[in-house]
Structure formats: structure tokens, C-alpha cells
Amino acid sequence: MDGYDVKAAQERWRKVWDELDLFRADDRDDERGRRYALTMFSYPSGDLHMGHGEVMALHDLLARYWVQRGFNVLNPIAWDSFGLPAENAAIRRNEHPARFTFDNIETQAESLRRYAVSFDWSRRFHTSDPDYYRWTQWLFLRFFERGMAYRRESFVNWCPVDQTVLANEQVVGGRCERCGSVVTKRELTQWYFKITAYAQRLLDDMAQLEGRWPEPLLTIQRNWIGRSEGAYVDFAVEGTDESIRVFTTRPDTLFGATFLVVAPEGGLGDRLCTPEQRSALQAYLEQVKRATEIERLSTERPKTGVPLGASAVNPATGERIPIWAADYVLADYGTGAIMAVPGEDQRDWEFAAAYHLPIVRTVQPPEGFDNAAYAGAGTSINSANDEVDLNGLGVEAATARIIDWLEARGHGERTVNYRLRDWLLSRQRYWGCPIPIVHCPECGEVAVPDDQLPVLLPDLRGADLAPRGNSPLAAATGWARTPCPRCGGDAERDTDTMDTFVDSSWYFLRYCSPRYEDGPFDVEAVRRWMPVDQYIGGIEHATGHLLYSRFFTKVLYDIGMVDFVEPFTRMLNQGQVINRGARMSKSKGNGVDLGEQLERYGVDAVRLTMVFAGPPEDDVDWADMSPAGSLRFLQRAWRLANDVACPPGVDPVGGDIGLRRTTHHTVRDATELIEAYRFNVFVARVMELVNATRKAIDSGCGPADPAVREAAETVSVLLSLVAPYTAEEMWAALGHDPSVATAGWPSAEPALLVEQSVTCVVQVQGKVRARLEVPPGIDEVRLRELALAEPAVRRALADRGVRNVIVRAPRLVNVVV
RNA sequence: GCCAGAGUGGUGGAACGGUAGACACGCGGCACUUAGGAUGCCGUGCCUGCGGGCGUGGGGGUUCGAGUCCCCCCUCUGGCACCA
């Protein structure tokens with residue numbers, strides 16, 4: 001009898017579980033508490049990989065724990081099924097993207113069932129289903145009505161390979177996040193969500209996530225939103241009625257502003273430019289556009305720019321200062337214009353040095369400045385005029401004073417700026433949710449009426465989908481041409497589709513009522529289940545999906561559709577599964593196939609390995625793991641159940657007290673450890689219980705003792721969270737009906753948690769010299785006597801006198817000499 | 001450069017300010033075996049004169065007592081990066 005047949009068990013229990021239908025969430029109200037466990041839904045680009053193996057093992061542990069605790073648990077799954085991989089595959093194979101998508105969904109669904117994740121399969125859906133994207137469109141229109149979705153022309157990130165625009169969040173290090181090609185800029189009219197309107201609320205509401213979301217995740221979001229406090233300052237343009245508004249975080253350096261710089265592409269440069277400089281600006285603009293994002297991002301690159309010929313007036317000094325255009329100033333941050341203070345700012349200093357512009361010192365030279373050049377170029381100035389004097393003030397006080405003055409004189413105002421940009425949602429691709437807008441020559445942008453939703457995708461496939469720089473939908477002229485819903489005249493549909501992050505910004509709401517037909521979700525069902533109690537997924541979604549979902553939730557709150565402002569109460573970012581110190585990749589040849597691991601060790605051993613590897617948020621290096629060891633442990637646990645010689649139903653009271661104590665301590669610890677997400681330590685405790693039970697059977701109370709049965713049953717229930725097949729095998733071997741998954745969480749008997757004796761450590765000068773077994777209730781005086789009487793303590797003391805004795809009964813005595 | 005987080009045996013990792021290294025992997029030994037990559041048992045931080053000494057990246061500090069708290073430094077990982 002070596003162990004059980006893992007594969008046969010997987011076959012057997014899957015059928016039993018399907019029949020029992022164990023994990024269906026109950027929409028009816030009852031006395032049970034409710035829990036909503038969410039894992040990031042899957043993108044169907046192939047079969048499940050090792051990353052899925054980890055996240056699903058962790059997610060399911062908690063979901064199954066809640067089931068065992070008796071909660072009514074919602075644990076749904078769906079597919080994020082629009083997107084580029086399906087479209088690219090369709091082009092390659094000359095077929096419809098739906099084909100690739102649905103094949104992969106079926107493959108993944110089958111794998112997830114085999115992996116024994118406790119999903120409520122009745123709620124399954126996918127985002128490319130018209131029954132789903134109809135409501136994505138409906139939600140878009142609600143945003144549109146409120147001015148939260150709008151169209152504008154601007155320079156956008158363009159991926160030359162995928163032939164589509166990218167959101168800022170999808171540009172990583174100047175490259176397309178998906179295909180890795182170097183991103184360029186294009187001027188296009190595109191749809192945006194006005195997420196910037198929610199910047200402050202996205203920051204403020206983090207207060208309720210503090211301590212519940214991982215700190216690194218909150219930090220990333222905070223930095224991404226990038227709040228900075230400062231002021232707008234208006235500079236009059238000489239010889240015109242115009243003025244240029246700049247944003248600065250250091251208005252206290254205004255006296256040192258010796259020139260202005262505007263972004264070349266914002267239109268501002270064009271307006272200010274004198275006729276003589278126009279051709280120079282044009283040439284510069286061309287040069288800037290050619291530069292790739294990577295070149296532009298390089299801080300090593302020397303500063304470039306052109307003078308616009310115009311001048312402005314520094315409101316503090318009254319001095320005439322030149323206006324330049326340079327690409328180190330960004331069009332879409334602040335006002336697209338800055339006041340340059342080369343005596344204070346490294347970048348301005350570099351620019352001034354390159355073009356021999358005046359430099360004056362206000363407070364102190366920025367760090368790392370070329371002092372010789374600085375001293376020669378600059379003159380120290382007096383930061384004061386007839387009305388305001390900043391001399392001798394610290395940054396804070398000077399800032400406050402100058403802003404007060406600017407506001408009083410109408411030269412500017414206090415303000416806050418955010419790094420966050422609006423969310424560009426248009427994509428020039430086919431396999432996405434169509435934007436439900438009609439462009440009418442008479443009426444402009446007209447919403448498709450709600451009762452005409454969904455705007456269905458036309459049936460395109462193969463070559464028709466090939467990227468041409470505009471949307472494939474534009475080629476479907478029969479589809480695009482449509483009467484204007486308002487005036488009935490000839491009009492055109494919007495031919496872009498939405499970023500798939502739109503689809504995923506509300507899917508967790510759809511789960512609450514997945515077949516609802518009168519809206520995106522049943523408000524009552526959402527009230528019942530939301531917000532999500534536990535969300536698990538990768539931290540790579542920090543500035544994308546997680547931020548967008550928070551934004552969507554807030555807009556829905558403002559519309560009055562939900563009564564909470566944060567969708568995910570608790571968040572866990574699991575680490576990645578790597579191999580031999582690096583992310584798995586084809587080029588490195590270090591890929592590990594989940595299916596192969598499952599084939600070799602079985603589902604339970606792989607799940608156990610993932611959970612036991614370490615803290616859930618740490619990366620798992622598969623090369624350091626031992627799924628074979630996990631399998632050995634599971635077989636060991638299983639043998640326990642088979643060795644039990646005490647019949648079911650026998651009262652454990654009267655069983656071996658030592659083993660019973662271990663069992664009940666394990667139960668108490670297990671509960672605390674799971675609540676604290678210390679899953680790896682939880683597994684270690686279960687291992688200890690298995691070891692103790694083995695010992696009891698072989699060289700202790702023997703297999704017929706009721707305590708052995710109690711221990712084995714406890715192991716079975718605890719293991720059901722991680723190794724559902726093994727747990728079920730054990731449960732059956734112990735003479736119970738399935739399923740152990742709903743057997744109920746054990747509770748620790750307080751009487752069995754009381755220690756009989758504890759080990760007291762006796763230290764001399766903080767070093768351990770002896771250990772004593774003492775009763776837990778021992779009094780301090782007695783313990784002190786025992787400790788001082790220990791031979792090892794006396795030896796360590798030698799003839800030195802005792803100065804002090806710290807007694808922390810019953811665990812510790814420290815003798816100080 | 002700025003902002004986070006982390007440095008513990010050969011390895012993954014444990015440790016309410018109170019026994020450093022739980023639990024595993026690996027390794028060594030023993031038992032059972034025709035055999036074992038099965039199973040069970042024992043051992044396993046380093047040094048040692050077997051009394052003990054040294055050990056949580058380095059250096060200081062607080063404390064009766066520091067892996068844990070504070071300060072400085074080093075290294076690594078992640079995020080942002082010409083954001084004014």
C-alpha cells in the first residue's frame with residue numbers, strides 16, 4: 001500500500017463534485033453571512049500557465065475556507081475575451097477571432113475544473129458576448145452623458161506594429177507593453193474617459209484601503225496620480241493682450257525666472273511665434289515628432305529648443321524675458337508651459353547653459369551644478385520688489401507669501417496639479433466593444449439610443465482584420481453607414497472599439513446578477529454582494545485595471561447605481577512564478593508548463609507547492625520548489641486516514657490527551673494563520689499535526705485511539721482548502737460521505753489549549769544558560785528560585801554577584817550581573 | 001535621480017521586543033528490502049580543547065534582553081522618471 005492513485009482520484013471526485021454542485025452562491029437572504037471572493041478573470045490567450053496555478057491556489061484556499069466557515073460565498077469566474085491576441089491569431093489563421101477565443105475559453109474552463117477551483121460555474125460569462133458588451137456600451141453612454149467620456153485631438157502613443165493607439169498605462173519604458181515595439185507619437189482624435197476629474201477622490205478614498213490593500217500597491221497608485229501643490233503664474237506677452245500661464249511647484253523662485261519654455265506641440269508655440277521664427281519652429285516640431293518615445297525619455301539627451309522670438313514679462317521683477325519652445329516641456333502636464341529658473345532647476349540650468357540664457361541665483365545652486373560655469377554665468381539676486389520681499393524666508397514661507405501676492409495682484413493663483421492623464425480608450429482594432437456613437441455632419445456626436453443597443457460587431461474575419469492604421473470597422477462600410485438617431489440624415493458610426501480595460505472595469509458587478517437583462521446589473525444583487533471582500537491578482541494591474549475599476553465605481557456612485565465608493569475591500573497581490581531566478585520566457589528556455597507539472601505530480605501537489613512556497617506576495621522560484629516533496633506529504637497524510645482503526649462517530653473525549661492537545665492547537669493556529677494570509681505557515685502546522693499523528697500511531701497510543709481519528713479528520717478538513725482531492729480521499733477512507741469541502745471548520749476546545757507545562761528559558765546577561773519545565777501558573781518568586789538554583793546558571797555566574805533578575809513568568813528569567 | 005519594499009543555514013522559508021533557524025527541500029546515517037528514486041527512524045547553522053565560543057548585509061544606538069525598534073551606510077528588487 002504505497003498511496004492512492006492520484007489520477008483516478010481526480011477523475012472520480014470531479015464527477016462527484018459536479019453532481020453535488022457544492023459552490024453555488026445563494027442569492028436568497030438567510031442567516032448566513034455573505035462573502036465575495038474574487039480572482040482576476042482570465043484572458044483566453046491559451047491554456048492556463050504557472051501564474052494561474054499560483055493565483056488560483058491562493059484564491060481558492062480563502063474561498064474554500066469561507067465555505068467551511070459556513071458563509072454563503074460568491075466565487076465566480078468569467079473571461080476577458082476581447083483583445084488583440086485573438087485578433088492577431090484570427091489574421092494568421094484566416095478565421096474569426098471568436099473561434100480562437102471560444103476554443104481557449106473551453107480549454108481554460110476545463111483546466112480550472114480539473115484544478116478544482118471552487119467556482120460557481122452558473123455565473124460564467126465572457127465580455128465579447130453581446131449580452132455583456134451591450135451593457136459596456138450602455139455604461140459608456142452614461143459616462144458620455146455626464147461629460148466623463150469625450151473626444152479630443154492630441155498626440156497619442158502609437159504602436160507601429162499593432163497599428164493602434166496605446167494608453168499611457170500600456171507604454172512601458174517607451175515600448176508597447178504587449179509587443180515590445182518602440183512607441184511613436186501620432187496626432188489623432190480619440191475618445192477619453194475623464195479620470196482626471198476623479199484624481200483627488202482616487203487619492204482621498206485610499207484612506208479606507210489603508211491596511212487592507214498592500215502598501216506597495218497603494219504607493220504605486222499614489223505616485224501614478226502624482227499630486228503636486230503649487231501655483232499658476234501668468235506672464236504677460238509683450239506687445240499683445242495675451243498672457244502665458246505656467247504651473248510651478250516653486251513659485252518662491254519666481255524672481256529667478258529668466259525665460260519661459262512652452263511645449264513645441266501644444267499649439268501654444270504656434271500662437272506665440274513671430275513670423276521670423278515660424279519656419280524654425282516648424283522644423284523643430286518635425287524633429288520632435290520623429291523622435292521616439294525612448295529617445296525622448298532619455299535624460300542623458302542634450303536639451304534642444306528654438307526661440308519663438310516673443311518675450312514675456314516676469315511679474316515679480318518686471319523684466320523682459322524670452323520665450324522658447326523645447327521638448328523637455330510636456331504639452332499634457334500642467335499648462336504645457338513653464339517658467340525656467342536656471343538658478344534653481346537642473347533641467348532649466350542645462351537648457352540655459354546650452355543656449356547661453358541668463359542664469360541668476362535665488363536661494364542656492366541646485367546640487368551637482370558646474371560651479372565654475374554657474375559662478376561665471378549667474379548673479380545673485382535680491383528676491384524682492386516694492387511690494388513683496390522673500391529674502392530670508394524658508395521655501396514654505398516664501399511660497400505662501402509670493403502666492404498671496406500673485407493672487408492679490410491677479411498674476412496667478414494657488415493650485416494643485418496631477419500627473420494622472422485622462423484614460424484614452426479608443427482602439428483602432430476589430431475585436432473589442434464598439435463605441436456606441438454616431439457621427440452626424442449635422443448633429444455631431446450622437447449617442448446610439450439605449451433601446452438600439454448593443455451595437456453589434458459586423459462579421460469580419462481573416463484578412464479584413466489586418467491593421468491599416470484606421471479601424472477595421474471603417475472598412476465595413478455597410479455597417480458603418482447609418483442614419484443619425486437624432487435627425488435621420490446620413491451618418492457614420494464611430495469605427496473604433498474600446499480598450500479592453502473598459503470591459504474589465506465592471507465585470508465584478510456583473511457577477512452579482514450575470515443574466516440580468518434590464519441593466520448592467522441588478523442594483524439589489526449588487527447591494528447584496530458588493531463590495532468584494534477579497535480580490536487577488538497581480539500588482540502589474542496597479543495603474544491599469546485596479547485604478548480604472550476604482551474610477552468606474554466612483555462614477556457609478558455619483559450616478560446613484562451603487563452605494564459604495566471602493567469596489568474591493570481587501571486586496572492581495574500574489575508574487576510571480578519564476579524559474580531559475582528569472583521570469584519564464586521562450587528566449588531564456590526556462591519555461592515550465594503547468595499542464596506537465598499537473599500530469600507529473602497531480603493537482604493537489606502542485607497547489608500545495610504553490611501555497612507552501614512562502615508568503616503569498618513573494619515570487620516563487622519553481623526551481624527551488626519540490627512538488628515531489630508535496631506529493632510525498634499528501635500520500636503520508638492519506639495513509640494516516642487509512643491507518644485509523646477507530647470507527648466513525650466515536651467521541652474523542654477519552655482519547656490520547658497529548659495528541660488531542662496538538663490537534664486543537666493546530667486548529668486554533670490554522671484559523672489565525674489563514675485570517676492573516678500566512679498560508680505557508682498554515683501548511684507547516686498541518687504538516688506538524690500529520691507528523692504527530694504518525695508518531696501516535698506507530699509509537700504512541702496506536703491506531704485505535706479516538707484521538708487518532710480526530711486528528712486524521714482534522715487533517716482532512718484543513719487540507720481540503722489546499723488539496724481537495726486528497727482531502728476527499730481521506731474523508732471517504734474515514735468513513736464519511738462527500739464532501740469534505742462542506743464538512744465545516746473545526747473549532748478548538750479551550751480546555752485542550754491550556755498548557756500543562758511550559759519551557760522556561762533562563763538567561764544570564766541575555767544568553768540562554770538553562771531551560772526549565774515549569775507549570776504555566778508558576779509564581780515569579782518560585783521561578784526565580786528555580787532559575788538561580790540551576791547548575792548551568794551558577795556556573796555562568798561564577799562568583800559574580802547578581803545585580804538584577806528579570807522574571808517574565810512562566811517563559812523567561814534573565815539574570816543580570 | 002526620486003519613492004516604496006527587502007537582506008536570516010547549502011536552498012525555500014519560521015520566529016507577540018524574550019529558546020534564532022519551526023515546517024520543508026537537499027544531504028549524511030540506520031532499519032525494512034532481491035532491489036529502491038518506496039516507507040519509517042536518527043542526524044544536519046558555523047567553530048570547538050565538549051566547558052563553551054560565534055552567528056540574522058555592515059557600523060552605531062535604545063533595552064535586563066534586538067532578526068524584530070531608532071540613526072547612518074552597503075546591496076538587491078519593484079514603481080516613477082525632463083511631471084516644472
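Note on naming: letters A, B, ... go to the chains in the order of the sequence lines (proteins, then strands), and numbering restarts at 1 for each one.
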Subject >> U19(B) and U68(B), which share atom name C1', separated by this distance in whole Å >> reply: 15 Å
Which atom pairs link the protein and nucleotides 4-12 of chain B when you take only N or O atoms and keep those under 3.5 Å?
from	atom 1	to	atom 2	distance (Å)
G12(B)	O2'	Ala613(A)	O	2.7

Subject >> Ser699(A): partners by side chain to side chain donor-acceptor pair (under 3.5 Å), with sequence neighbours left out >> reply: none
Original post:
Which glycosidic conformation, syn or anti, is assigned to G59(B) if syn requires a torsion within 90° of zero?
Top reply: anti
**OP:** Just call it for Arg419(A): base, sugar-phosphate, or nothing, with non-hydrogen atoms closer than 4.0 Å on any strand.
**Re:** base
Original post:
P atom, G12(B) versus A81(B): distance in rounded Å?
Top reply: 32 Å
Original post:
Which way is the base of G79(B) turned, syn or anti, if we draw the line at 90° from 0?
Top reply: anti
**OP:** Considering only NZ, NE, NH1 and NH2 on the basic side and carboxylate oxygens on the acidic side, decide whether Asp643(A) and Arg694(A) come within less than 4.0 Å.
**Re:** yes
Subject >> Mutual orientation of the aromatic rings belonging to His545(A) and His541(A) [parallel < 30°, tilted 30-60°, perpendicular > 60°] >> reply: perpendicular
Original post:
What is the distance from CG of Leu631(A) to P of A24(B), rounded to the nearest Å?
Top reply: 15 Å
Subject >> By side chain to side chain contact (heavy atoms under 4.5 Å, CB included) - contacts of Met687(A) (at least two apart) >> reply: Phe612(A), Phe633(A), Val683(A)
Subject >> Nearest-0.5 Å distance, CD1 of residue Ile539(A) to CG of residue Leu217(A) >> reply: 5.0 Å
Original post:
At what distance, to the nearest 0.5 angstrom, does CD of Glu780(A) lie from CD1 of Ile806(A)?
Top reply: 10.0 Å
Subject >> Any Arg769(A) side-chain nitrogen or oxygen under 4.0 Å from OP1 or OP2 of U19(B) >> reply: no
Subject >> Separation of the C1' atoms in A31(B) and A38(B), to the nearest angstrom >> reply: 14 Å
Listed pairs, N/O of protein and of nucleotides 43-48 of chain B, under 3.5 Å:
none

**OP:** Indicate whether any N or O donor in one side chain lies under 3.5 Å from an N or O acceptor in the other, for Tyr328(A) and Glu350(A).
**Re:** no
Subject >> Arg632(A) side chain near G26(B) phosphate (N/O to OP1/OP2, under 4.0 Å) >> reply: yes
**OP:** Mind checking Arg636(A) for me? I need base, sugar-phosphate or nothing, with any heavy atom below 4.0 Å counting as a touch.
**Re:** sugar-phosphate
Original post:
Tell me the side-chain hydrogen bond (donor to acceptor under 3.5 Å, both in side chains) pairs involving residues 615-627 of chain A, sequence neighbours left out?
Top reply: Gln597(A)-Trp622(A)
Subject >> Asn680(A) side chain near C23(B) phosphate (N/O to OP1/OP2, under 4.0 Å) >> reply: no
**OP:** Could you go through the side chain to side chain contact (heavy atoms under 4.5 Å, CB included) check for Phe235(A) and Ile321(A) one step at a time?
**Re:** CA-CA 10 Å; Phe235(A) 289 75; Ile321(A) 59 176; 3.9 Å; yes
Subject >> Spacing between Lys303(A) atom NZ and A84(B) atom P, to the nearest angstrom >> reply: 14 Å
**OP:** Sequence neighbours left out, what passes side chain to side chain contact (heavy atoms under 4.5 Å, CB included) with Asn691(A)? Give chain and number order.
**Re:** Arg636(A)
Original post:
What pairs of residues pass the side-chain hydrogen bond (donor to acceptor under 3.5 Å, both in side chains) test when at least one of them lies in residues 761-771 of chain A, not counting sequence neighbours?
Top reply: none
**OP:** Have a look at Arg803(A) and say if it touches a base, only the backbone sugar-phosphate, or nothing, with a 4.0 Å heavy-atom cut-off.
**Re:** nothing
Original post:
C41(B), G51(B), U19(B): which one has an atom nearest the side-chain heavy atoms of Arg771(A)?
Top reply: U19(B)
**OP:** Ignoring backbone atoms, establish whether Ser228(A) has a side-chain N or O less than 4.0 Å from OP1 or OP2 of A84(B).
**Re:** yes
Subject >> Contacts of type side chain to side chain donor-acceptor pair (under 3.5 Å), residue Glu688(A), not counting sequence neighbours >> reply: Arg685(A)
Original post:
Among C82(B), A22(B), A14(B), which nucleotide sits nearest the side chain of Glu688(A)?
Top reply: A22(B)
Subject >> Consecutive-pair stems (at least three Watson-Crick or G-U pairs, under 3.5 Å) that include RNA chain B >> reply: B:1-7 with B:74-80, B:10-12 with B:23-25, B:26-31 with B:39-44, B:45-47 with B:52-54, B:57-61 with B:69-73
Distances for protein N or O near nucleotides 63-69 of chain B N or O, under 3.5 Å:
from	atom 1	to	atom 2	distance (Å)
C64(B)	O2'	Asn814(A)	ND2	3.3
C64(B)	O2	Asn814(A)	ND2	2.7

Subject >> Separation of the C1' atoms in G58(B) and C76(B), to the nearest angstrom >> reply: 15 Å
**OP:** Select one nucleotide: of A84(B), U39(B), C23(B), the one nearest the side-chain heavy atoms of Arg639(A).
**Re:** U39(B)
Original post:
Are Ser630(A) and Thr609(A) linked by a side-chain donor-acceptor pair shorter than 3.5 Å?
Top reply: yes
Original post:
Given the P atoms of C2(B) and C72(B), what is the spacing between them in whole Å?
Top reply: 14 Å
**OP:** Please check if any side-chain donor atom of Tyr284(A) sits under 3.5 Å from a side-chain acceptor atom of Thr304(A), or the reverse.
**Re:** yes
Subject >> Of Lys695(A) and Tyr418(A), the one whose closest RNA chain B nucleotide lies more 5' >> reply: Lys695(A)
**OP:** Looking only at side-chain atoms of Thr759(A), point me to the closest of A22(B), A24(B), U19(B).
**Re:** U19(B)
**OP:** State whether a side-chain donor-acceptor pair under 3.5 Å links Thr543(A) with Tyr548(A).
**Re:** no
Original post:
C47(B) and C42(B): how far apart are their C1' atoms, nearest whole angstrom?
Top reply: 23 Å
Original post:
In chain order, what residues pass the side chain to side chain donor-acceptor pair (under 3.5 Å) check against Thr726(A), with sequence neighbours excluded?
Top reply: Tyr4(A), Asp604(A)
Subject >> Asp618(A) vs Ile539(A), nearer the 5' end of RNA chain B by closest nucleotide >> reply: Asp618(A)
Original post:
What integer number of Å spans the C1' atoms of C69(B) and C16(B)?
Top reply: 14 Å
**OP:** Round to the nearest Å and state the distance from Trp224(A) atom CH2 to C2(B) atom C1'.
**Re:** 16 Å
Subject >> Contacts of type side chain to side chain donor-acceptor pair (under 3.5 Å), residue Ser757(A), not counting sequence neighbours >> reply: Glu773(A)
Original post:
Roughly how far apart, to the nearest Å, are G57(B) and G7(B) at atom P?
Top reply: 8 Å
Original post:
According to a strict under-4.0 Å criterion, is Tyr333(A) in side-chain N/O contact with OP1 or OP2 of A84(B)?
Top reply: yes
Original post:
With a non-hydrogen cut-off below 4.0 angstrom, is Asp348(A) in contact with a base, only sugar-phosphate, or nothing?
Top reply: nothing
Subject >> Gap between atoms CZ and C1', on Arg583(A) and G78(B) respectively (whole Å) >> reply: 12 Å
